[in-house]
There are 2 protein chains.
Amino acid sequence: MRAPGQRAGLTRPAVVQAAREVLDDGASFSMRAVAGRLGVAPNALYSHVGGRDELLDLVLDELLAALPAPATDAPRAGLVDLMTATHDLLLAHPRLVPHFVARQGSRGPNARRLGETMRSCLVAAGVVDRGAQDTAIRVLVVHAIGNAALGVAADGAPLPADTLRATYAAGLAWLVDGALGSASAGHPHPA
Amino acid sequence: MRAPGQRAGLTRPAVVQAAREVLDDGASFSMRAVAGRLGVAPNALYSHVGGRDELLDLVLDELLAALPAPATDAPRAGLVDLMTATHDLLLAHPRLVPHFVARQGSRGPNARRLGETMRSCLVAAGVVDRGAQDTAIRVLVVHAIGNAALGVAADGAPLPADTLRATYAAGLAWLVDGALGSASAGHPHPA
DNA sequence: ACCTGAACACCGTTCAAGT
DNA sequence: ACCTGAACACCGTTCAAGT
């Protein structure tokens, strides 16, 4: 369709957008699939993106940007809302979850921002020790990602979405209660 | 080395053992790597094993068989010990963790046995509602797998093993406290 | 700078043999 | 039944062009 040297009008945002579309479609994600959607040779993507992992990181960070800022006046509820929104976001893009699992440590600016928002909630809730904040943040992030991954695992009994979200909410309440050191009753065994 | 038709003396346990060795070595896991270690053509494995996923499931289940039975007289401590042993086991075989993440639902006999052991602990601790047991089991398993996956993610700051285990222990205490509905103080913010 | 064609070094799995 | 050789349908990525 195009001779070597002819421009295709590709841009970095366009590549990221195409990657999102491939991820949200049924097809399995690959560089070649993204290129195919753009009507371009597979290696053309490397002019705009470092590689597969970087591309997935970009998609991930773009999604995280959509997370709303939690209410600052009620820190516990704000934290719960924030983590629930994160979990919902992951469930809405299941094909991204495996990559999220592998990339838990290294993240983009919006992931970093999410971490700092969580820290603010913890501070406002009275968790002043920085090490305690780090522990709480890691545990909560693991819970969100791990639970989303549980929903992705398509084997045997696929685990209904209601059950998944109820399980997540129960664990989240226990973790937040624990991290905040309060004796307030959570939501005891839902379903 | 061998003409088509010549036996190589391959057995199913030998294939599983070779897979374990490849996983615990530095090299990345592949059917071809397992076959290479056995001095056999890649497709020879399919005479003894259904495929890659089934082979990894077999390795996984063999590892889970090594988990010790927890003390039955102290249900809370037994549950904590059991989950800690599971976490340690996953940390000892990091290259298996991504597969474990993907396969959370469908498991072999020893995984099933682990689930029932957890249920027994919960019953002994006074959690009689079956739905509550299921929720607790899912949350605890997600915590163990998710935390182990966090240790595997080799990017940026690799997160020291001490920190990882301390984070796991803190989250585990919070979850067990929550699941058991007790107001007993856990281990507040370690590290 | 951007894109193509061809290629490299991999994958998991299948199929038609051979004994 | 067990194993081989060859092949199929994929991967991510690199390299040498072309404009």
Side-chain angles (χ1 to χ4, degrees), chain A residues 1-23 25-60 95-96 98-103 106 154-155, chain B residues 1-23 25-60 95-96 98-103 106 154-155:
Chain A
M1 292 275 186
R2 213 178 296 105
Q6 312 243 19
R7 315 256 155 157
L10 232 52
T11 62
R12 189 180 171 96
V15 172
V16 174
Q17 177 59 29
R20 264 182 81 156
E21 292 170 14
V22 169
L23 274 166
D25 275 12
S28 65
F29 181 85
S30 72
M31 288 292 115
R32 296 176 123 98
V34 175
R37 178 171 279 262
L38 290 164
V40 143
N43 44 2
L45 305 179
Y46 291 80
S47 296
H48 303 272
V49 150
R52 178 193 153 96
D53 284 340
E54 186 190 302
L55 178 51
L56 286 171
D57 280 343
L58 289 171
V59 173
L60 190 59
R95 312 185 70 78
L96 197 52
H99 181 254
F100 204 106
V101 170
R103 285 268 163 176
S106 78
D155 276 52
Chain B
M1 294 275 185
R2 214 176 297 104
Q6 312 242 21
R7 315 255 157 160
L10 233 50
T11 62
R12 188 180 172 96
V15 172
V16 173
Q17 177 59 28
R20 265 182 80 156
E21 292 169 13
V22 170
L23 274 166
D25 275 10
S28 64
F29 181 84
S30 71
M31 290 289 116
R32 296 174 122 100
V34 175
R37 179 171 278 263
L38 291 164
V40 143
N43 44 2
L45 304 180
Y46 291 80
S47 295
H48 304 271
V49 149
R52 178 193 153 95
D53 284 341
E54 187 191 302
L55 177 52
L56 285 171
D57 280 344
L58 290 170
V59 173
L60 189 60
R95 311 184 70 79
L96 197 53
H99 181 254
F100 204 105
V101 170
R103 285 269 162 178
S106 77
D155 278 54

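Values in this document were obtained by computation on a predicted structure and should not be read as measured data. Side chains included, hydrogens not; waters and symmetry mates left out as well; all remaining heavy atoms used.
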**OP:** Taking the side chain as every heavy atom from C-beta outward, state whether A/Pro42 and A/Arg32 have any atom pair closer than 4.5 Å.
**Re:** yes

Original post:
Where is the tightest heavy-atom contact between A/His99 and A/Leu56, given as atom of each residue plus distance?
Top reply: CE1-CB, 3.2 Å

Subject >> Minimum side-chain heavy-atom gap A/Arg2-A/Val40 below 4.5 Å >> reply: yes

Subject >> Straight-line distance of A/Glu54 CD to A/Leu45 CG, nearest 0.5 Å >> reply: 11.5 Å

Subject >> Sequence-aligned protein contact record of nucleotides 12-19 of chain D, with B where the base is within under 4.0 Å of a protein heavy atom and S where only the sugar-phosphate is >> reply: BBBB--BS

Original post:
Of all the base pairs, Watson-Crick or G-U under 3.5 Å, which form stems of three or more consecutive pairs involving DNA chain C?
Top reply: C:4-8 with D:12-16, C:12-16 with D:4-8

**OP:** Indicate whether OP1 or OP2 belonging to D/dC3 is found under 4.0 Å from a side-chain N or O atom of B/His48.
**Re:** yes

Subject >> Rounded distance in Å between the P positions of C/dC10 and D/dA9 >> reply: 22 Å

**OP:** Determine the contact category for B/Ala44: base if any of its heavy atoms lies under 4.0 Å from a base atom, sugar-phosphate if only primed atoms, P, OP1 or OP2 are that close, otherwise nothing.
**Re:** base

**OP:** For residues A/Arg95 and A/Phe29, report the shortest heavy-atom separation together with the two atoms involved.
**Re:** NH2-N, 4.5 Å

Original post:
Rounded to the nearest Å, what distance is computed from the CZ atom of residue A/Arg2 to the C1' atom of nucleotide C/dC3?
Top reply: 8 Å

Original post:
Which atom names give the shortest non-hydrogen contact between A/Ala19 and A/Val59, and what distance separates them?
Top reply: CB-CG2, 3.8 Å

**OP:** Could you tell me the separation between the CG atom of A/Leu45 and the P atom of D/dC11, rounded to a whole number of Å?
**Re:** 13 Å

Subject >> Interatomic spacing from NE2 in A/His48 to CG in A/Leu55 - rounded to 0.5 Å >> reply: 12.0 Å

**OP:** Any chance you could measure B/Leu58, atom CG, to B/Asp53, atom CG, to the nearest 0.5 Å?
**Re:** 11.0 Å

**OP:** Scan A/Ala41 against the nucleic acid and name what it touches under 4.0 Å (heavy atoms): base, sugar-phosphate only, or nothing.
**Re:** sugar-phosphate

